[in-house]
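Letters A, B, ... are given to chains in the order of the sequence lines, protein chains preceding strands, and every chain is numbered from 1.
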Amino acid sequence: MKIALWNSRTGRKEEFEPLRPDRVRMYVCGPTVYDRAHIGNARPAVVFDLLFKLLRHCFGEAQVVYVRNITDIDDKINNRARELADGSGDSLRATIRRVTDETIGWFHEDMGALGVMLPTHEPRATDYVSEMIEMIKALIAAGHAYVADGHVLFDTPSYPQYGSLSRRSLKDMQAGARVEVAPYKANELDFVLWKPSDSTLPGWDSPWGRGRPGWHIECSAMSLKLLGESFDIHGGGSDLLFPHHENEAAQSFCAHPDASFARLWMHNGMVRVNGQKMSKSLGNFLTVSELLDRGMAGETMRFILLGTHYRQQLDWTARRVEEARSVLGEWRRITRDVAADDAGCHRDVLDMLADDLNTPGAMSALHRLAAQGCSAELAASAKFMGLLNSALPDGLAGRVSEILKVRDQMRSCRNFAVSDTIRDSLQDAGIVVQDTAGRSKCHFEPMGRYDGQLAKVEKVLEELEVMAASEARGG
RNA sequence: GGCGAGUUGGCGGAAUGGCUACGCAACGGAUUGCAAAUCCGUACCAUACCGGUUCGAAUCCGGUACUCGCCUCCA
């Protein structure tokens with residue numbers, strides 16, 4: 001099956017063909033770990049997770065290498081750790097490690113709730129500092145970088161193609177520059193490869209003194225080590241195109257002039273809230289964790305994120321949440337009696353995904369399967385897209401069926417007051433009961449965290465037992 | 001100011017020249033102990049605007065308006 005992907009480097013949709021037929025290599029910029037991931041951070045994770053799944057399907061699971069890095073060297077992390085370290089008595093170094101480890105744990109938890117698989121490799125920048133130093137040395141030796149005032153800077157004029165990835169000219173960028181240029185820069189667009197650390201900040205020994213790497217070189221070094229000089233796909237949010245990806249590409253091309261670095265660049269659009277980009281600095285963000293706490297299922301978020309084409313901006317609204325919930329509830333009802341593994345992903349869904357991840361089109365195909373009553377295909381295809389996957393607490397299904405048995409008895413002796421109460425209580429626990437001709441059926445509504453669901457169900461069961469006991473005594 | 005993306009019914013959102021998908025929401029009826037689901041029906045009579053090419057345009061070309069993103073840390 002052929003996959004077409006939009007290449008933001010060329011501005012065209014291109015047929016995807018890996019550089020090596022036996023190996024598909026993809027690098028995506030991952031989180032900077034200092035805080036909870038918001039729904040905007042989740043978008044690339046979900047989008048490229050779906051691409052990962054599609055590539056694995058097309059090229060074989062073992063052939064696809066997906067690297068999503070973890071940026072754990074960053075001044076935002078240092079600042080956050082400093083706030084926490086003050087007064088705690090811990091060293092800054094220990095606090096940084098604690099913050100980054102904890103945030104990585106949160107990230108995995110939240111992405112897991114969204115049905116995001118772990119990538120093949122998840123390198124931490126702190127484990128690749130020596131590779132970064134090597135690359136910086138090579139760039140200096142090749143005349144693409146210079147040392148100034150304890151910093152090492154990339155010399156943008158030494159790379160005439162600078163700007164070609166984001167397709168903008170140096171002149172335009174200079175005209176629009178809004179930021180004060182550091183005095184040690186020879187040219188205003190030059191960017192930091194290495195910067196000095198004072199004794200309080202984390203630092204590594206280098207030929208230029210104790211310091212830490214700039215953000216852009218982290219990705220260049222990690223992709224080089226894990227994927228090689230040339231690889232197939234580089235992804236990330238559209239806000240990273242400039243300067244992050246432009247700089248990354250410049251460094252890597254200059255360090256390895258004979259290689260192609262990333263052939264295909266993919267950028268997802270931004271998530272907006274009330275017409276504004278969701279971002280930490282604007283403070284208008286919704287974290288995945290917070291939404292889970294409020295009872296929103298991870299798959300509901302995933303559904304919304306995939307409901308708009310990845311290159312488009314996406315508006316996060318209450319209305320879309322309602323729609324997602326309603327559709328997923330419906331699909332759960334339709335697929336409640338089928339095993340998803342019986343069928344593969346439907347061809348129509350795959351065709352849509354293979355066309356530059358046309359997820360809205362794929363959703364339509366899912367709706368068509370639902371309308372045609374192809375429940376097994378719907379279950380399998382939805383599962384392929386990472387939907388209808390939520391695991392239920394152990395023992396829940398058994399207890400629910402016990403309750404429904406009692407409820408059916410109540411209904412058959414027309415004790416509707418009790419049977420309606422049971423239905424309401426179950427609904428409250430995320431279990432939707434529907435009465436068909438003979439007996440009732442139920443499906444599980446997607447919920448945020450399932451904590452407490454089992455407890456609620458057990459409470460219903462308990463109340464029924466108490467009631468039965470008192471009736472037995474009374475009778 | 002530069003660069004880029006976009007504007008399709010109440011909402012979301014496909015479709016790159018051939019009767020404008022699909023979903024959500026709404027309304028009426030059947031059905032139901034009540035709900036839900038299902039079935040039947042209704043309505044919203046949608047391609048930002050102006051011009052061009054064409055037998056035929058949401059789609060191609062030119063222009064206008066508006067929205068958003070990037071140019072600064074950002075997914």
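- Each of Thr317(A) and Arg368(A) was matched to the nucleotide of RNA chain B holding its nearest heavy atom; the match closer to the 5' end belongs to Thr317(A).
- No donor-acceptor contact under 3.5 Å links the side chain of Ser364(A) to the base of A14(B).
- Between G29(B) and A35(B), the distance separating the two P atoms is 13 Å to the nearest Å.
- Per the geometry, CE belonging to Met352(A) stands 7 Å off P belonging to A15(B), to the nearest Å.
- Ring-plane geometry between Tyr159(A) and Phe253(A) is classed as parallel, the angle between the planes falling under 30 degrees on a 0 to 90 degree scale with a further cut at 60.
- Between Val432(A) and Leu240(A), the residue anchored nearer the 5' end of RNA chain B, judged by the nucleotide with its closest heavy atom, is Val432(A).
- Residue Arg311(A) has no polar side-chain atom (N or O) positioned under 4.0 Å from OP1 or OP2 of G4(B).
- With hydrogens and angles left out, the side chain of Arg423(A) and the base of A36(B) share no donor-acceptor pair within 3.5 Å.
- Here the side chain of Asp435(A) is nearest to one of G33(B), C24(B), A75(B), namely G33(B).
- Using Watson-Crick or G-U wobble geometry with both donor-acceptor distances under 3.5 Å, G4(B) finds its partner in C68(B).
- The P atoms of U54(B) and A14(B) are separated by 32 Å, rounded to the nearest whole Å.
- In this model, no side-chain donor or acceptor of Asp315(A) finds a partner on the base of G12(B) within 3.5 Å.
- G28(B) and A37(B) have their P atoms separated by 16 Å, with the value rounded to a whole Å.
- Between G1(B) and C60(B), the two C1' atoms lie 31 Å apart (nearest whole Å).
- Taking 3.5 Å as the limit, the base of G23(B) and the side chain of Glu323(A) contain a donor-acceptor pair of atoms between them.
- In this structure, the nucleotide among A37(B), A75(B), G2(B) sitting nearest to the side chain of Glu330(A) is A37(B).
- Using a 4.0 Å cutoff on non-hydrogen atoms, the parts of residues 292-310 of chain A near RNA chain B are Gly307(A), Thr308(A), His309(A), ordered by number.
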